[in-house]
There are 2 protein chains.
Amino acid sequence: MTNEEKFEITDSEWEVMRVVWTRTKATSKEIINVLQDKKDWKPATTKTFIGRLVKKGALNTETVGNKFIYTAAVTEEESLKSLKAGLFNHICNTAVGKTIADLIKEATLSHDDIAMIEEILKSKKKDAVDVIVCNCVPGQCHCKENHNMNCH
Amino acid sequence: MTNEEKFEITDSEWEVMRVVWTRTKATSKEIINVLQDKKDWKPATTKTFIGRLVKKGALNTETVGNKFIYTAAVTEEESLKSLKAGLFNHICNTAVGKTIADLIKEATLSHDDIAMIEEILKSKKKDAVDVIVCNCVPGQCHCKENHNMNCH
DNA sequence: TTAAATCGTTTACAGTTGTAATCAATTCAT
DNA sequence: ATGAATTGATTACAACTGTAAACGATTTAA
């Protein structure tokens, strides 16, 4: 039924998911080993996060003997979407462009990256708008401040 | 001095900060009014967040009579930095370009936005690198998978 | 001047998150 | 076959978050 249960993945849980996404299939021992190195977590700590991810449906389990093989029930792309939303939920629609620009300014990019982004930008011109409509409530951004209906 | 006390601002606290950033100065009543509309918060709820922000040093207070006028002790730009980091902390360095591209794909942008981003991109070419070095631990991205030292 | 309203502070409380020890069942090694 | 190791499950617990009522001081209105 593909029921769209929405669950959030916490920062720590992301660490676990990244291991599973990378390997496609992983045992708890593999996950524990990676994160023992990276995060200095005791095995029990990693086990807790694995357990929580299984409970919330982010990881599937295949039983093999007495142990499990874990696979991801959500894709990385899908999960990234929430992360990205987290960023833009806090700013005015009209500030999205500038925020992306800032992101680029602060990023280390390869020539290929830049070429790719330029490509995307070019294709974006087709559906670009003239004025972006502010989505904020009055009092939380300057757009709705007084009689001036234009943003910034 | 200027001791760089680092504190995190939660989602709910952001709602309060946005009001203060917008008005520069705000009374609790103003903040409460805005958020009563937007978030359906009881005045007591907003008061809690104001109190926590003052305690953690994100808001300054000026006493005027028996009440306070609140001003921001951190800029929006500064706070945005944490938000942005939150996004990129979860992905491989080598995937930053693609993630920015995805952000652009999904965003609604104006012609001006696109022009601005193009400008930034152009200036980025100067310090663009040929290959981005992966910063992940082995097991959390494909870069470090086997003998192949190149990413993706 | 006294009752009502307002404002900041204190207290409350459940749910989430980070961190981990312990336990019970099973499997592996001797 | 029996002791050791491993694995998933249960329990623990403090800090952080979201949500809010209650309280005490003070100011304003009647």
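Residue numbers begin at 1 in each chain, while the letters A, B, ... track the order of the sequences.
The separation between I50(B) atom CD1 and dG18(D) atom C1' is 15 Å, rounded to whole Å. The distance from atom CD of E15(A) to atom P of dT17(C) is 15 Å, rounded to the nearest whole Å. What separates CZ of F7(A) from P of dT16(C) is a distance of 14 Å, to the nearest Å. Counting to the nearest Å, the P atom of dG18(D) and the NZ atom of K39(B) are 9 Å from each other. The distance between atom CD1 of I31(B) and atom P of dT6(C), rounded to the nearest whole Å, is 17 Å.
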(message) How would you summarise protein contacts on nucleotides 6-17 of chain D per nucleotide, using B for base, S for sugar-phosphate only and - for none, with heavy-atom distances below 4.0 Å?
(response) -BB--------S
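Here W41(B) does not reach the OP1 or OP2 of dA20(D): none of its side-chain N or O atoms lies under 4.0 Å away. Under 4.0 angstrom from either OP1 or OP2 of dT19(D) there lies no side-chain N or O belonging to T45(B). Not one side-chain nitrogen or oxygen of K42(A) sits closer than 4.0 Å to the OP1 or OP2 atom of dT19(C).
The pair E13(B)-R52(B) fails the salt-bridge criterion, with no side-chain N (NZ, NE, NH1 or NH2) lying under 4.0 Å from an Asp/Glu carboxylate O. The pair E8(B)-K56(B) does not count as a salt bridge, with every side-chain nitrogen at least 4.0 angstrom from each carboxylate oxygen. Between R18(A) and E76(A), no side-chain nitrogen of the basic residue sits less than 4.0 Å from a carboxylate oxygen of the acidic one, so the salt-bridge criterion is not met.
Pairs of residues two or more places apart, or lying in two chains, that qualify as side-chain hydrogen bond (donor to acceptor under 3.5 Å, both in side chains) and include a residue from residues 111-129 of chain B are E118(A)-K125(B), K125(A)-E118(B), S110(B)-D113(B).
Residues A101(A) and I117(B) share a closest heavy-atom pair of CB-CG1, 4.3 Å.
Remark: S12(B) OG to M17(B) CE distance equals 13.5 Å, nearest 0.5 Å.
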